[in-house]
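Take a look at the structure below.
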Amino acid sequence: MNWINAIAQGLLLGGLYALFACGLSLLFGVVGIINLAHGDLAVLGGYVAVAILPSVHTNALWALLFVPPIFGAFGYVSQRTLLQRSLENGPLTTLLVTFGLSVVLQNALLEGFSADSHSLSIGKLATQALRINSQLSISYLRFGILVVAVVVLAGVQLLLARTSVGRQIRAVADDNEAAAISGVNTRHIAGIATGIAFVTVAIAGLANGMYSQFTPTSGSSLLLFAFEAVIIGGLGSLWGTLAGGCVLGLAGTIGAQIDSTMGTLIPHLVFLAVLAVRPSGFFPARAPA
Amino acid sequence: MTQAPTAPAAPVAAVRIRRSTRTSRWALGPTAIILIVLGYLPYGTGQGTTSMLVDFFILLTLGVTWNMLAGYAGLVSVGQQAYIGIGAYGVLWLAQHGVEPFLALPIAAVACAVLAVPISFLVFRLRGGYFAIGTWVVAEVLALFTIRDSALGGGTGTNVPGLGGFDPVVLGAYTYWAALAVAVISLVGSYFLLRTRVGLALTAVRDDETAARNVGVRVSRAKRIVYLAAAVGAGGAGALLAISQLNVEPHNVYGVQWSAYMIFVVLIGGIGTLEGPILGTIVFFVLQRTLASEGAWYLIIVGSVAVVMAVWVRKGLWGIAERFGLRLFPTGYHVTDTTR
């Protein structure tokens, strides 16, 4: 890998991080939940595909048709039952509950699928790439993930800005009580927002499964990268999140280029540096989610 | 005791301010007896019991100090394993440089507090859940730095030198007493810390942070003191881990599972009380021992119990006991009108 290639791969990887971060940001911005089980939910999405795919199709792209809707419903239900209840106990409770869920999920996956790594096969597409020159080639899969990330981020942005549901979601995010007084069914709206967040988590989990292998415990590092992308980009800004993801991706591939063991350390250090110098991130926005 | 607040308008003689309760005074005797028995234990029982209790004391120390962070200061940290790791590797490094491991234990714990000062300035920029994940990132970074040092065993860890010269029975007993001391110090330490102005400040913050700031409570300072104290506790626990296991393994000491254990202990026992973590540690420990053969199921069960407790039984098991007026380590003030 040369430098130009490292930069290109880093930017592409940023799409995956941004995809992960989108759900985290949405859930916190609208519902007020910091979901510590975020990464594990994404991994769960991968395993749902592993479990169901054999009876559907050999190509994992088909999982995009059924895993996100399942997760959407799952998100709505878990918001209306467990998460809403824990929100009423205060913000600290939701942290503890989601952390507990994360441990339960990880161990349930360990019990069900063993600690072996799995991956989602998408056939020939996984290895095909657009060769620009002898040193730079862009994998269709990675490019596809970046495109999906942009589409998902734009979709969420449009949904929030243009639709009636989006207006209600923003109202709930701004002032829950005022929204309720104006006739918004706030719990239903919070459920829908959680459902949307879970759909993006599922897409991110599937993309991750196609991109690399995953184990029941790989959720933790996914959570950390998603969180770092949100903070670097600036809270509340979806496009900032994409930029944050790209910064992390670049830091990772450039770090790995310097020394193969630095691939995970450098992004964390970049995050801590941003936190020290510019804690509000680079593109903080006042618009919700 | 020392700093009963000046009663504002009411005549001083009309109220009596007590910091202890009847049960707390009654509990002093049995507590002393339990401590004496625990201290004498290595003479009376075998290695199996004492080494099991070492694990118990490590867990207790972690639970007590995490409860201080989350239950009193509202700082939900998921990164205390940073200090467990530094404590363990501190002992390893000092032992490699000729310091007796048992002397290295307090040094490593204090080193954790020193390290926690700059870290606190970084992570205190984050609020609530972001603070939680930020502390986790710090722990990851420290772990990644540690495994880069091949003298410390790199990614696989290494043995702690300086413990081979001990007779196994003597070493077991020393380790046990060290663990007992760490657990007792963290319990007594957090009890007295929470009874000082810091504890008072934290109570004010818990009730209404804005109001507390307005009347001049130094909120960040109080939180920082608790954060440093919790770092010392986790560091001590990590140092004990290194001594009791005779080696240090990075994925163990820096593992996020420690945060899970702390949180479960506190949630089950009852957050925001000193008695809760003790009860929680006992329950967690029994569950861990009985379900150990079930593999991953034990964390599924314990995790689910903790989630249920967090949502539906917010004050944990000790909260149930408190409904009957039981309080062993009161940290608040009890004002009674003596004119009636």
Side-chain angles (χ1 to χ4, degrees), chain A residues 24 28 32-36 38 81-112 114-115 216-217 220-221 223-228 230-231 235 259 261-262 264-269 271-272 275-276 279-280, chain B residues 70-71 74-78 118-119 121-134 136-145 147-148 154-155 255-257 259-264 266-267 271-272 294-312 314:
Chain A
L24 193 72
F28 178 67
I33 293 174
I34 301 271
N35 183 10
L36 292 182
H38 189 78
T81 54
L82 188 66
L83 296 178
Q84 182 63 40
R85 242 344 261 271
S86 61
L87 264 176
E88 284 160 12
N89 286 2
L92 292 188
T93 310
T94 58
L95 266 180
L96 303 176
V97 166
T98 54
F99 188 71
L101 286 180
S102 146
V103 173
V104 171
L105 262 180
Q106 275 189 19
N107 287 284
L109 288 175
L110 264 177
E111 199 59 40
S114 83
T217 50
S220 309
S221 65
L223 168 72
L224 295 189
F225 281 124
F227 158 75
E228 290 171 351
V230 172
I231 297 287
L235 276 179
D259 177 341
T261 60
M262 301 282 267
T264 41
L265 183 55
I266 297 283
H268 289 321
L269 290 179
F271 160 74
L272 291 179
L275 190 58
S280 58
Chain B
L75 298 167
V76 175
S77 166
V78 194
I119 292 178
F121 279 96
L122 205 56
V123 291
F124 275 29
R125 295 184 156 204
L126 299 163
R127 297 260 148 242
Y130 288 115
F131 172 82
I133 314 182
W136 194 348
V137 172
V138 169
E140 282 293 310
V141 167
L142 290 175
L144 288 168
F145 268 118
I147 60 176
R148 294 180 65 79
V256 73
Q257 85 275 3
S259 280
Y261 297 165
M262 295 175 218
I263 292 176
F264 294 163
V266 173
L267 284 183
I271 191 165
E294 306 292 327
W297 276 106
Y298 118 76
L299 276 174
I300 300 176
I301 293 169
V302 178
S304 311
V305 169
V307 167
V308 168
M309 298 294 270
V311 178
W312 284 281
R314 289 168 64 188

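In what follows, every chain begins at residue 1, and chains take the letters A, B, ... in the order their sequences are listed. Only heavy atoms go into these numbers, but all of them, side chains included; no hydrogens, no water, no symmetry mates.
Separation of the A:Phe271 and A:Phe225 ring centroids does not fall under the 6.0 Å cut-off.
The CD atom of A:Glu228 sits 9.5 Å away from atom CD of B:Glu140, with the distance rounded to the nearest 0.5 Å. Distance check, rounded to the nearest 0.5 Å: CE of B:Met262 to CD of B:Gln257 gives 9.0 Å. Atom CG of A:Leu36 is separated from atom OG1 of A:Thr98 by 4.0 Å, given to the nearest 0.5 angstrom.
Of the atoms belonging to B:Leu126, it is side-chain heavy atoms, and not backbone ones, that fall under 4.5 Å from chain A. In this structure, chain A has a heavy atom under 4.5 Å from the side chain of B:Phe264, while its backbone stays farther away. Looking at A:Val97, both its backbone and its side chain come within 4.5 Å of chain B, counting heavy atoms on both sides. Of the atoms belonging to B:Ala143, not a single heavy atom falls under 4.5 Å from chain A. Proximity to chain A (any heavy atom under 4.5 Å) is shown, for B:Ala310, by both the backbone and the side chain. Only the side chain of B:Ile263 has a heavy atom closer than 4.5 Å to any heavy atom of chain A. In this structure, chain A has heavy atoms under 4.5 Å from both the backbone and the side chain of B:Val256. Neither the backbone nor the side chain of A:Gln106 comes within less than 4.5 Å of any heavy atom of chain B. Heavy atoms closer than 4.5 Å to chain B are found in the side chain of A:Ile231, but not in its backbone. If you measure heavy-atom distances from B:Ile300 to chain A, the contacts under 4.5 Å come from both the backbone and the side chain. The contact between A:Leu272 and chain B is made by backbone and side chain atoms together, counting heavy-atom distances below 4.5 Å.
Of all heavy-atom pairs spanning A:Ser114 and A:Pro216, the tightest one is O-CG, 3.5 Å.
In this structure the side chain of B:Leu142 reaches within 4.5 angstrom of the side chain of B:Val138, judged on heavy atoms. Contact check for B:Arg148 versus A:Asp259: side-chain heavy atoms found under the 4.5 Å cut-off. Side-chain contact between A:Thr94 and A:Asn35 is absent, with no heavy atoms from C-beta onward closer than 4.5 Å.
Here A:Val103 is the residue among A:Leu110, A:Ile33, A:Val103 with the most heavy-atom pairs under 4.5 Å with chain B. Between chain B and the options A:Leu96, A:Thr93, A:Thr264, heavy-atom pairs under 4.5 Å are most frequent for A:Leu96.
By the 30° and 60° cut-offs, the orientation of the rings of B:Tyr261 relative to B:Tyr298 is tilted.
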